[in-house]
Amino acid sequence: MTSPRRVVVVGADAAGMSAAHQALRTAARRGEALAITALESSDHTSYSACGIPYWMAGDVGSGDDLVARTADQHRDAGIDLRLGTTVVAADLAGRTVTTSAGEVLGYDDLVVATGAPAVVPDWALRADGTSYDGVGVVKTLDDGAAWVRSFTRVGPGAHVVVVGAGYIGVEVAEAALEQGFGVTVLTRTRGMGMLEDEMSDLVNTGLVDAGVELVLGAEVTGLELDGDRVTGVHWEGGSREADLVVVAVGVRPATDFLAGSGLEMADNGALRPDPHGRVADHVWAAGDCCEVRRRIDDQWVFRPLGTHAAKHGRALGDSLGGGDLSFDGMVDTSITRFSACGVHLEIARTGLSRADAETAGFDPVALVTEGTTAAGYMPEAEPIAIWVMADRTTRRLLGVQVVGGHGAGKRIDTAAAVLWAEGSVDDLAWMDLSYAPPFSTTWEVLQIAARRVAERL
Ligand SMILES: Cc1cc2nc3c(=O)[nH]c(=O)nc-3n(C[C@H](O)[C@H](O)[C@H](O)COP(=O)(O)OP(=O)(O)OC[C@H]3O[C@@H](n4cnc5c(N)ncnc54)[C@H](O)[C@@H]3O)c2cc1C
């Protein structure tokens, strides 16, 4: 009798555990047993980081509510899950990994699913590399718990400075306002910089209307401290007193332990797996430690999102288990909301930016269209703005962005489906979408927006 194939998974969250469970299922269907060991440096596994800002806001009762599968559930499924175990080196030729405790584990297949920890700038760190009191990132369940404790400690009326105005910065600003804090958002560029300027301006206006002090073009230079505790933030041209400082300036793939391995990596260390998750013989990867392929312009891009981690992890697991599922890239779709102090904005995008489209050689034509989310005579009607971009020559739909009230955001999925199918702006304008007054105008605003662009081509 042959011994089961040994699979070592490094990183036991969305991508790693999706892969592990799918590999077991697929292999079992084929009559093969796998011996899967999952090594995880933290004490947590399979939780929704995406829910942490809503826990901070008070919408989610506890960190436990964010746990999708417990360590015991993984173990019951037959996975040897080892928490508190960090991999520090991998020998791909010898097929071993080494942990920080010096243990060497052999594998037949290695799955890299180490994610991308938050970037912490030097100004936020003590000389020993730890963060000052009241300063931190929003990345892990432990971070969430620390912020919930800090929010209780400082109490309503305290002031929170958020550095960064991307998805997490905006979600944290919502949470802090909901907890009754004063909020300053500092951004080097602009609010939601992944949007076109005219759409980003709408987000900026929403933040300010909700009472956020928004400082655009702010390059943070340092902190004001009382002993070890933060009391303020300085940036070029300004400063602000602060009880808490949330740093949300991006993430970087955790692939340092693969340095020198010869694997293809992007400049930031992201791996580039094929649709089945393969990066080399017997080496697989998925999730935030990887770039993803954008179908529209066939480019590798770094989009650390749970939706990609889950899908790519599953495809990887299936292929590792002997199946053929593949993750065939994405069209750059994402969504968030900012909802606080009487302002409710749903913010979503899919496809290329104008700059991406020009780089890819398209001849983009784009317009912003304003309308309402429901028939104007209905009480639920709220403003919505939609940016649509198409290629002048081929009429291909290239990108759509949405900022608007309740019901605005998920309209992006219709546009994403057209992009996925490489459809035209005319497809979007004329396809059969549902209509009744509580949900849309007779001519759905997304279709009006597409039609207006079609008429300009
Ligand atoms: C606040 C917040 C909000 C978010 N909101 C959304 C959202 O709304 N929608 C969306 O699609 N995505 C969202 N995301 C992103 C989403 O959470 C991630 O894309 C997803 O968690 C990635 O899964 P992953 O398994 O690749 O990486 P991770 O979840 O980061 O897991 C990687 C694991 O590897 C472990 N690890 C790292 N290095 C080692 C090592 N050397 N040895 C052992 N273990 C190691 C880490 O401890 C970690 O547990 C959000 C993220 C955050 C932080």
Side-chain angles (χ1 to χ4, degrees), residues 8-20 37-57 60 66-68 71 81-90 97-101 103 105 110-119 136-144 147 162 164 166-172 174-175 246-259 269-271 273 277 285-292 302-314 316-317 330 332-337 346-348 409:
V8 169
V9 178
V10 189
D13 195 26
M17 296 321 269
S18 299
T37 305
L39 308 176
E40 167 55 48
S41 50
S42 77
D43 293 327
H44 303 288
T45 172
S46 297
Y47 61 91
S48 167
C50 316
I52 294 172
Y54 306 102
W55 179 22
M56 293 166 67
V60 175
L66 300 179
V67 175
L81 171 64
R82 304 188 196 173
L83 299 177
T85 306
T86 301
V87 169
V88 292
V97 293
T98 305
T99 71
S100 56
E103 191 184 357
L105 284 89
L110 175 66
V111 176
V112 181
T114 45
V119 170
V137 299
V138 182
K139 177 68 192 172
T140 65
L141 220 44
D142 290 339
D143 296 331
W147 286 118
V162 182
Y167 294 97
I168 294 176
V170 165
E171 290 168 11
V172 169
E174 170 183 318
V246 182
V247 180
V249 297
V251 297
R252 191 181 169 277
T255 54
D256 288 352
F257 74 102
L258 292 168
L271 297 164
D288 283 9
C289 59
C290 302
E291 288 192 330
V292 282
F302 183 56
R303 292 294 182 268
L305 288 172
T307 178
H308 306 321
K311 292 187 185 105
H312 209 171
R314 193 180 181 98
L316 183 168
M330 52 73 162
D332 226 345
T333 310
S334 55
I335 187 167
T336 190
R337 79 163 194 205
E346 298 180 3
I347 305 157

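Both ligands and their constituent atoms are indexed starting at 1 by order of listing.
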With sequence neighbours excluded, residues passing side-chain hydrogen bond (donor to acceptor under 3.5 Å, both in side chains) with Thr86 = none
Applying side-chain hydrogen bond (donor to acceptor under 3.5 Å, both in side chains) to Asp332 and not counting sequence neighbours gives Arg294, Arg303
Does Ala49 offer a backbone N or O that forms a donor-acceptor pair with the side chain of Trp55 under 3.5 Å?
-> no
Verify, without hydrogens or angle tests, whether Thr85 (side chain) and Leu39 (backbone) share a donor-acceptor contact under 3.5 angstrom.
-> no
Review item, side-chain donor-acceptor pairs of residues 305-313, under 3.5 Å, at least two apart:
| unit_1 | atom_1 | unit_2 | atom_2 | d |
| --- | --- | --- | --- | --- |
| Thr307 | OG1 | Lys311 | NZ | 2.8 |
| His312 | NE2 | Asp274 | O | 3.1 |

Let me know which protein residues bring a heavy atom to under 4.0 Å of ligand 1; chain then number is fine for ordering.
-> Val10, Gly11, Asp13, Ala14, Ala15, Leu39, Glu40, Ser41, Ala49, Cys50, Pro53, Thr85, Thr86, Val87, Ala113, Thr114, Gly115, Val138, Lys139, Ile168, Gly287, Asp288, Pro304, Leu305, Gly306, Thr307, Ala309
Could you tell me whether a side-chain N or O of Asp13 sits under 3.5 Å from a main-chain N or O of Ser46, the two making a donor and an acceptor?
-> yes
